[in-house]
Amino acid sequence: MEKTLLQKAYSPEDFRTRGHHLIDQLADHLEAHMHDNSTKTLNWHLPEDERVFWGEFLENGNESELFGRILNRITAVHNPKCIGHQVTPTIPITALTAMMSALLNNGMAVYEMGMAPSAMERIVTDLLCKKIGYDEVSRGFLTSGGTLANLTALLSARKAVVKNDIWNDGHDQALGIMVSAEAHYCVDRAAKVMGLGENGIIKIPATPEFRMDTDILENEIKKAKAKGITVFAIVGSAPSTATGVYDDLEAIATFAQRHGLWFHVDGAHGGAAIFSEKYRHTVTGIDKADSVVIDGHKMMMLPTITTALLFKDGNHGQATFSQKADYLLVQSEDEDWYNKAKRTFECTKNMMSIHWYTIYKIYGEAIFDEYVTNLYDMGTAFGEIIAKEPNFELAISPNSNIICFRYVDTSLELSTLNEINAKLRQHLLEEGEFYIVQTKLRGIQYLRCTVMNPFTTTAHFKTLLNNIKSKLENILSH
Ligand SMILES: *Cc1c(COP(=O)(O)O)cnc(C)c1O
């Protein structure tokens with residue numbers, strides 16, 4: 001009998017066959033990128049060429065080649081020469097949990113729409129709270145990305161600190177948050193979404209070392225008050241994205257306490273340092289934060305997009321979106337921690353918790369320490385290599401696994417140097433051997449590396465540097 005399209009699409013046998021084949025392809029992909037040093041990180045194509053290719057493939061491509069073609073036309077994050085953005089090479093087991101999440105599709109808005117993942121989410125977020133140094137009233141949840149988590153945290157902050165019921169009544173008073181000028185742009189965006197306006201985002205200038213200048217906080221809040229702005233929160237970066245520099249969380253906590261502000265830590269990138277015995281000191285003071293964001297898809301080896309938002313006092317996380325004041329539910333009989341959508345921005349969401357839980361179960365918490373420590377060690381090591389190079393300089397000695405450096409020649413003007421460094425980066429991208437990125441700090445163009453792969457070594461970095469030098473010769477001779 002002729003099968004309908006739907007019958008074909010839902011055939012368990014078809015899924016089994018394709019699935020086995022794909023797992024083999026993915027394992028081959030890992031092997032090629034992780035164990036064969038000659039495999040390029042990416043094959044560069046211009047956006048328009050790529051669009052044409054996929055348009056053409058949709059028309060005429062052989063269906064059996066689809067997954068293979070995708071594999072050949074991506075940026076391979078598992079390649080140790082992929083040292084660009086803060087994207088983690090996922091632990092392969094999480095590809096399996098991601099597949100489970102996609103197939104089982106338990107959205108978890110309410111408990112019975114995802115019983116196991118809802119319970120696992122409580123367990124995983126409790127473990128994270130404990131690691132931060134929080135106590136029994138602390139609670140968290142998982143949400144779709146650091147951007148959304150930061151917005152949610154600031155909404156919780158406003159609800160908790162500002163006297164008026166803005167959620168229900170709207171606001172006509174001038175409100176503000178304080179944040180380092182070096183913070184991730186999503187904090188700015190969150191503030192704008194909340195209607196704080198440009199004046200409500202009090203950007204604290206950074207020190208020459210790119211850290212929030214906490215010495216001027218008193219003066220800045222005085223200035224804000226004089227303008228009639230009620231400041232309700234301060235955000236610390238752990239670390240900031242461009243430079244990987246950690247703010248002084250302890251100093252910010254003290255300031256926040258003195259002024260009754262909500263203290264939020266954007267640890268999207270480096271909050272996971274709570275797991276590293278060696279680098280835990282980078283987040284000293286994090287336990288004093290009212291809320292903390294940690295991206296699983298950055299420093300915890302989980303698939304995109306998987307973020308934890310953790311509250312020192314879980315009641316605040318409970319109250320963010322509530323119409324009435326249902327405070328003090330945590331640890332009461334009425335605490336329905338298992339109905340997630342009450343607290344999260346999302347209604348339906350991924351079964352993110354199963355990735356975290358699986359890693360805890362199979363490898364244990366120690367793997368996070370190993371990962372973070374290894375990457376931060378490499379950040380330091382790369383920094384030391386650059387520091388020894390006469391024609392290169394660091395923006396800042398690395399605090400983490402993010403390294404910003406550039407080619408310098410004192411006889412050249414800044415604009416020429418910026419051009420040369422931008423060209424270098426473009427040439428590297430087009431070659432595709434290594435993947436690194438770039439950033440502009442205070443008008444200066446830098447090459448930027450983030451070590452996300454625990455198998456990237458100083459040998460890779462030295463090869464990259466030699467590669468850069470030969471490209472320089474070429475650029476400078478033209
Ligand atoms: C990456 C990053 C974000 C944004 O997180 P997404 O998960 O990409 O939305 C926010 N803050 C910092 C410090 C980051 O590094």
Side-chain angles (χ1 to χ4, degrees), residues 75 77 83-90 94 98 128 140-155 157 177-194 201 203-204 206 210-212 233-249 252 263-274 279 282-283 286 289 291-310 344-346 349-350 352 355-356 371-372 375-376 379 396 398-404 437-439 441 448-452:
T75 304
V77 296
I83 31 181
H85 283 297
Q86 303 145 270
V87 184
T88 192
T90 40
T94 63
L128 290 168
F141 52 74
L142 303 181
T143 190
S144 303
T147 298
L148 194 63
N150 280 324
L151 171 60
T152 311
L154 288 173
L155 287 168
I177 60 165
M178 301 174 98
V179 61
S180 164
E182 292 294 324
H184 192 273
Y185 73 90
C186 74
V187 175
D188 206 90
R189 199 172 271 184
K192 290 268 170 67
V193 169
M194 291 169 73
I201 307 163
K203 290 242 169 88
I204 309 301
F210 300 97
R211 188 166 285 123
M212 179 196 280
I234 183 163
V235 180
S237 303
S240 67
T241 309
T243 59
V245 170
Y246 280 86
D247 285 337
D248 182 345
L249 304 184
I252 300 174
F263 174 29
H264 174 64
V265 169
D266 179 3
H269 180 78
I274 52 172
Y279 293 103
T282 54
V283 288
I286 197 171
S291 52
V292 173
V293 163
I294 301 175
D295 268 353
H297 54 275
K298 288 201 177 137
M299 296 294 287
M300 295 188 75
M301 299 167 283
L302 305 176
T304 305
I305 191 167
T306 308
T307 300
L309 173 54
L310 309 149
T344 59
F345 224 107
E346 304 104 313
K349 71 180 187 193
N350 267 312
M352 307 170 198
H355 315 312
W356 304 68
Y371 181 69
V372 174
L375 300 188
Y376 281 27
I396 176 88
N399 278 207
S400 60
N401 53 337
I402 297 173
I403 308 106
C404 298
V437 294
Q438 60 189 345
T439 190
L441 301 170
R448 179 171 169 274
C449 289
T450 312
V451 193
M452 294 302 285

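Predicted model, so just to flag it, every value in this text is computed and none were measured. In this chain, residues are counted from 1 in sequence order. In each ligand, atom 1 is the first atom listed, and ligand 1 is the first ligand listed.
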Next on the checklist: Give the atom numbers and elements of ligand 1 that come within less than 4.0 Å of a heavy atom of Gly145.
Outcome noted: 7 (O), 9 (O)
Checklist entry - Which of the atoms in ligand 1, numbered in the order shown and given with their element, are less than 4.0 Å from a heavy-atom of Gln86? => result 15 (O)
Checklist entry - Would you say Cys186 touches ligand 1, if touching means a heavy atom closer than 4.0 Å? => result yes
Checklist entry - Leu151 versus Arg189: any side-chain heavy-atom pair under 4.5 Å? => result no
Next on the checklist: Tell me whether ligand 1 is touched by Pro239 - counting only heavy atoms on the residue side and a distance under 4.0 Å.
Outcome noted: yes
Next on the checklist: Quick check: Asp266 and ligand 1, any N/O pair under 3.5 Å apart?
Outcome noted: yes
Checklist outcome for this item: Near Thr241 (heavy-atom distance under 4.0 Å), the atoms of ligand 1 are 12 (C), 13 (C), 14 (C), 15 (O)
Checklist entry - How does Thr147 reach ligand 1, if at all, at less than 4.0 Å between non-hydrogen atoms: by side chain, backbone, both, or neither? => result both
Checklist outcome for this item: Of Met299, Arg189, Glu182, His184, the residue with the heavy atom nearest atom 10 (C) of ligand 1 is His184
Next on the checklist: If you define the side chain from C-beta out and look only at heavy atoms, does anything of Asn399 sit under 4.5 Å from Thr282?
Outcome noted: no
Checklist entry - Looking only at distance, does Lys298 have an N or O less than 3.5 Å from an N or O of ligand 1? => result yes
Next on the checklist: Considering both backbone and side-chain atoms of Gly146, is one of its nitrogen or oxygen atoms within less than 3.5 Å of a nitrogen or oxygen in ligand 1?
Outcome noted: yes
Checklist outcome for this item: Atoms of ligand 1 under 4.0 Å from any heavy atom of Asp295, numbered from 1 in the order shown, are 5 (O), 6 (P), 7 (O)
Checklist entry - Would you call Met299 and Asn401 a side-chain contact if the rule is heavy atoms closer than 4.5 Å? => result yes
Checklist entry - Which of the numbered atoms in ligand 1 are below 4.0 angstrom from a heavy atom of His297? => result 7 (O)
Checklist entry - What are the atoms of ligand 1, with element, lying closer than 4.0 Å to any heavy atom of Ala268? => result 2 (C), 3 (C), 10 (C), 11 (N), 12 (C), 14 (C)
Checklist outcome for this item: Looking only at heavy atoms, the pair that brings Ser291 and Leu309 closest together is CB-CD1, 4.3 Å
